[in-house]
Amino acid sequence: MAAVAGASVEIRDLHHRFASRAGVVTVLDGLDLDVTAGGYVALVGASGAGKSTLLSVIGGLEPAQSGSVVIGGQDLGGLSRTDLATFRRETVGFVFQHFGLLEALTAAENIELACSLARVAPAARRAKVRELLEAVDLADRARHRPVQLSGGERQRVAIARALANGPSLVLADEPTGNLDDASTARVVALLESLPAEHGCTLVLGTHDLAIAERASRRLRLRGGRAVEETAPAAVNAIAGAAPTGPPGQQARR
Ligand SMILES: Nc1ncnc2c1ncn2[C@@H]1O[C@H](COP(=O)(O)OP(=O)(O)O)[C@@H](O)[C@H]1O
Ligand SMILES: [Mg+2]
């Protein structure tokens with residue numbers, strides 16, 4: 001599959017608050033974050049620490065309330081709603097805990113829909129869908145609907161869909177939160193391969209430290225900021241998933 005250049009992430013002084021009946025909740029409070037193009041960063045933090053909020057802002061789903069968010073050199077603050085939609089479609093691939101597949105469509109159709117939104121010609125689209133299904137090892141499940149697939153297979157379809165438009169940034173929010181151990185290992189291995197195989201940057205939010213410890217960098221959200229965590233003493237192996245290398249010797253990227 002054609003490699004694309006990964007997008008860098010540069011965030012400065014990001015603030016994000018939610019108003020609720022109980023008052024204002026400050027989720028992100030002067031957060032700075034830099035991710036090098038082609039890097040793999042895991043975001044960890046307690047439930048409610050702001051992982052999902054931050055991923056939504058990075059991906060242009062949620063506008064930054066203040067501060068700057070620059071993805072691949074593009075300042076999201078300067079984009080109109082239409083341009084933000086284009087940015088999401090052309091630059092970002094999203095992977096969510098609950099897969100987000102359309103239940104009425106087959107695996108192939110779910111992926112094809114993402115391609116068609118980018119105005120790819122039908123013949124090229126079908127070839128692309130086949131290629132993507134093969135990349136996630138699901139060529140034999142093309143005509144299955146989500147209900148006929150296991151959780152792990154659904155998430156692999158969702159990853160194929162995320163890759164439909166050759167994203168330079170993949171954002172995964174608790175991608176294994178609904179999976180058993182075997183499916184988790186497979187999905188994690190697939191996600192981890194994306195920077196090398198597809199040339200994209202990967203930012204993955206998880207509360208699962210065994211997954212996070214395998215990333216090139218681990219950042220903890222605490223008090224509304226991202227704090228670098230040092231490499232662990234040992235990788236907690238996930239059954240079946242190939243380790244990315246000994247911690248401490250990995251490229252800091
Ligand atoms: N749309 C919203 N309206 C109000 N509060 C929200 C909204 N989204 C998130 N929050 C609050 O913001 C905080 C951070 O949430 P979230 O980003 O989902 O954290 P995490 O993904 O780390 O669990 C939580 O306290 C959550 O309740
Ligand atoms: Mg979350």
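We're numbering straight along the sequence, starting at 1. All figures in this text were calculated on a predicted structure; none of them were measured in a lab. One-based numbering, in listed order, for ligands and for the atoms of each.
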Q.
Please say yes or no: joined through hydrophobic side-chain contacts below 4.5 Å, possibly via intermediate residues, are Leu102 and Phe94 part of one cluster?
A. no

Q.
Using 0.5 Å steps for rounding, measure from the CZ atom of Arg141 to the OG1 atom of Thr106.
A. 13.5 Å

**Q.** Rounded distance [0.5 Å steps], OG in Ser52 versus CD in Glu174
**A.** 6.5 Å

(Q) Nearest 0.5 Å, please: how far is OG1 in Thr201 from CD1 in Ile71? (A) 9.0 Å

Q: Could you tell me whether any N, O or S atom belonging to Ser47 is less than 2.8 Å from the Mg ion (ligand 2)?
A: no

Q: Spell out, yes or no, whether Val92 and Leu113 are grouped together once hydrophobic residues are joined by side-chain heavy atoms under 4.5 Å, including indirect joins.
A: no

Q) Under 4.5 Å between side-chain heavy atoms, hopping through other hydrophobics if needed: is there a path connecting Leu84 to Leu14? A) yes

Give every pair formed by an N or O atom of ligand 1 and a protein N or O atom closer than 3.5 Å, one pair per line with both atom names and the distance to 0.1 Å, or write none.
residue, atom, partner, partner atom, Å
ligand 1, 17 (O), Thr53, N, 2.9
ligand 1, 17 (O), Thr53, OG1, 2.5
ligand 1, 19 (O), Gly50, N, 3.1
ligand 1, 21 (O), Ser52, N, 2.9
ligand 1, 21 (O), Ser52, OG, 2.9
ligand 1, 22 (O), Ala49, N, 3.3
ligand 1, 22 (O), Gly50, N, 3.0
ligand 1, 22 (O), Lys51, N, 2.9
ligand 1, 22 (O), Lys51, NZ, 2.9
ligand 1, 23 (O), Gly48, N, 2.7

